K.L.:
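Please find one structure pasted underneath; my questions will follow.
First the proteins, then the strands, lettered A, B, ... as listed; each starts at 1. Computed from a predicted model, the values in this text were never measured in an experiment.
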Amino acid sequence: MDFNALAELLFPEITKTPQDYEKIYPPRGGDGKVTRFAPSPTGFLHIGGLFAALISKRVAMESGGTFYLRIEDTDKKREIDDGVSEIIKGLEAFGVTPDEGVLGFEKESGNYGPYVQSRRREIYQTYAKELVRKGLAYPCFCGADYMESIKAQQEKEKVRTGYYGKWTRCRDLSLEEVKENIASGKSYVLRLRSPGSEENRISFIDGIKGKIEMPENDMDIVVLKSDGIPTYHFAHAVDDHLMGTTDVIRGDEWISSAPIHLQLFELLGFEAPKYSHISPIMKEDGGGKRKLSKRKDPEAAVTFYHEQGYPTNAVTEYLLTLANSNYEEWRRDNPALPNEDFPFSLDKMSVSGALFDLDKFNDVAKNDVTRYSADEIYDFATSWAEQYNIPLYKKLTDNPSYAKAIFAIERGGEKPRKDIAKWSDIEEYSAYFYDFNPTYENMPEIGKENIYALLTEYKKIYSPADENEAWFAKLKELALSMGYAKNPKEYKKNPDSYKGAVSDFATALRVAVTDRRNTPDLCAIMQVLGEKEALSRIDKAIEWSKK
RNA sequence: GGCCCCUUGGUCAAGUGGUCCAAGACUCCGCCCUCUCACGGCGGCAACACGAGUUCGAAUCUCGUAGGGGUCACCA
């Protein structure tokens, strides 16, 4: 067989050679690691994708290397319209921005492009042609029907399914036969003539899982589809070689095709990258675990966190705790540092899949929120509300300083509150500052007449300028003078000698002002409300207690 | 089914042959602090999948079993 003739027959229009491309894309120099995120634009960005991208970026950052974004759009059937922009938007929202590659629609940076596979057709074909020339690839005219029939036969015989060994009908077609087939208009794919054998064992060192040993690939896998577009396997080898990727970090569903990839790199004369296969993020499902599914689980889509209003940084922090469990410890020791400063390490990655734990995530988010100032929270919350909660947006922007004052209550300091995990919590958290329609059903059980007396007396001593300590001292003094015990314990000891405890008084006042039993510091709340509003609320409660 | 990966409390996990009658975090519970809640402090429940072997000694090494996951496309 004259492979050169076959190559020319198949790729007459390809005039470049691999050497030409090697010149155009010279090795990158420097010893930083080059990583990439290479999704296909088939849907929203998945949390697992974000996870892989985050890790890839950190690995590059850690070594002073480069992290780039490549779009694998070789399957036009599954592609969706906004796929690319969804991915870019998603990455950007969570701060996983690429240093190089695809930046937006028709927009990219870097010297190793194009970074969109559909624009690299000629490159793939050049390398495919070379493969044919070397006798390592051949056209295959077996259609879907034949593939199905051998699959059925193989299943019947209980042997491995696939195009290999004696099942390869087109492997040894003569040049004449190929010509005839093409002339008669038959479509074909280009297959690898795999030199491998199932008997041989190959192994590689995975950056996360360690040594992995598998049988060598002996399948004549498709390299170019009938439309001349490469399969993932082939595009992966060509692109990651040409783009100088040193470390491929991807989901562990790829482990099983690693032998194909290793073989491809070898046959093409490329140095294989270091592979690190990360386990998928799982979800609890009726006692068992399963991969987070884009279909069934809303929290699988990165947009979920956006819609709920989780701080984007909290998502990153949680993902980092899943990736490197020492992250939490580091965070505790360095509460003020940006998470970029954390020394990320691939070999601390867990080998098994972690369950996504919403409780834990909420805790991470709450802690994250405690680190923001009232102004920052205001900015985050308004931009979230503008998109997802217009009534809240209106409230917040009508009076920014009022809103900021609300967020400032008990913020900062030694004992930060952890009420807010996500911006959508703010509506409920701040409700009584805006709409006040009290039911008073939370009033303490001390009798309306006592509440009446308490509140009327309180008005006389209320001084809006009082700070917490003075404020409470006054309240306590008044309560004691009116026959209340200094604490619940005291009251319980002698319930008959008191009308209640100071805490009942505080609760009555709290309910009068907020209609809730549980709130942050009441003194601060009254200050934020202002003297007029506070007094009017107290009056309202007094009115109620008269009935 | 073949091939491959995985297996420490409910969850995330530390642990690389003795320092482990197994750390820490989340959740839950109790107590303390306390004007409520929260925060914080103290304490509690709760785990090395199972079985053999190697070894003076195993969560840690080996083998087997079981369970979970992945993959077997002209999808990535």
Side-chain angles (χ1 to χ4, degrees), chain A residues 38-42 72-75 77-78 117 140 142-144 147 151 155 158-163 187-191 198 206 208-210 212-215 219 221-227 229-233 235-236 250-259 277 279-280 282 284 287-291 318 321-322 324-326 328-329 331-332 348 350-364 366 370 410 413-419 442 444 468 471-472 475-476 479 487-488 501-511 514 516-523:
Chain A
S40 46
T42 53
E72 312 226 322
D73 57 345
T74 54
D75 184 6
K77 289 188 289 281
R78 296 201 314 152
Q117 288 184 333
C140 169
C142 299
M147 293 306 290
K151 188 175 180 181
E155 276 167 5
K158 292 198 180 2
V159 295
R160 289 178 302 135
T161 56
Y163 203 78
S187 81
Y188 64 90
V189 298
L190 195 73
R191 283 189 186 274
E198 218 224 347
D206 186 278
I208 292 165
K209 312 232 183 206
I212 296 180
E213 210 184 301
M214 296 174 103
M219 300 276 175
I221 52 120
V222 173
V223 158
L224 251 33
K225 305 182 216 174
S226 54
D227 54 7
I229 289 176
T231 55
Y232 169 85
H233 307 302
H236 156 52
R250 44 145 62 158
D252 69 0
E253 69 270 20
W254 289 108
I255 290 182
S256 56
S257 38
H277 290 100
S279 303
M282 314 286 279
E284 158 107 66
K289 276 186 180 185
R290 58 152 229 267
K291 215 169 147 178
Y318 181 62
T321 67
L322 283 187
N324 274 191
S325 65
N326 57 323
E328 281 186 88
E329 193 185 333
R331 178 40 91 203
R332 257 200 308 275
K348 285 206 173 72
S350 167
V351 288
S352 54
L355 224 48
F356 189 94
D357 183 346
L358 203 61
D359 283 331
K360 178 84 177 183
F361 173 54
N362 272 310
D363 185 66
V364 170
K366 284 176 179 174
T370 62
E410 290 187 78
E414 291 286 289
K415 296 181 168 184
R417 298 193 66 86
K418 294 186 1 183
D419 300 301
N442 289 319
N468 189 296
W471 175 88
F472 183 65
L475 189 144
K476 190 168 182 179
N487 56 46
V502 172
S503 54
D504 291 318
F505 185 9
T507 300
L509 185 58
R510 170 169 280 109
V511 174
T514 68
R516 279 144 73 146
R517 260 193 186 193
N518 308 333
T519 73
D521 181 43
L522 225 202
C523 174

K.L.:
Would you indicate which nucleotide in B/U27, B/U7, B/C35 comes nearest to any side-chain atom of A/Val351?
P.N.:
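It is B/U7.
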K.L.:
What is the nucleic acid contact for A/Val189, judged by heavy atoms within less than 4.0 Å: base, sugar-phosphate only, or nothing?
P.N.:
base
K.L.:
Which part of the nucleic acid does A/Arg516 contact within heavy-atom distance under 4.0 Å: base, sugar-phosphate only, or nothing?
P.N.:
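No contact.
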K.L.:
Pick out the pairs of N or O atoms, protein on one side and nucleotides 39-42 of chain B on the other, that lie under 3.5 Å.
P.N.:
from  : atom 1 : to       : atom 2 : distance (Å)
B/C39 : O2'    : A/Pro416 : O      : 3.4

K.L.:
Just call it for A/Glu329: base, sugar-phosphate, or nothing, with non-hydrogen atoms closer than 4.0 Å on any strand.
P.N.:
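No contact.
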K.L.:
Let's see if you can work this out: which of B/C35, B/A73, B/C75 has an atom nearest to the side-chain heavy atoms of A/Ser503?
P.N.:
B/C35
K.L.:
Tell me what A/Ile255 touches on the nucleic acid: a base, only sugar-phosphate, or nothing, going by heavy atoms under 4.0 Å.
P.N.:
sugar-phosphate
K.L.:
Contact class for A/Asp521 vs. all strands (heavy atom < 4.0 Å): base, sugar-phosphate, or nothing?
P.N.:
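Touches a base.
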K.L.:
Is there a Watson-Crick or G-U wobble partner for B/G43 with both distances under 3.5 Å, and which nucleotide is it?
P.N.:
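When the pairing criteria are applied, B/C29 turns out to be the nucleotide that pairs with B/G43.
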K.L.:
Between A/Glu328 and A/Lys360, is the closest basic N to carboxylate O distance under 4.0 Å?
P.N.:
yes
K.L.:
According to the 5.5 Å centroid and 30° plane-angle thresholds, does A/Phe472 stack upon the nucleobase of B/C35?
P.N.:
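Here the ring of A/Phe472 and the base of B/C35 are stacked, with centres under 5.5 Å and planes under 30°.
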K.L.:
Strictly below 4.0 Å: does A/Thr74 bring a side-chain N or O up to OP1 or OP2 of B/A76?
P.N.:
yes
K.L.:
Just checking A/Ser226: base, sugar-phosphate only, or nothing, at a heavy-atom cut-off of under 4.0 Å?
P.N.:
base
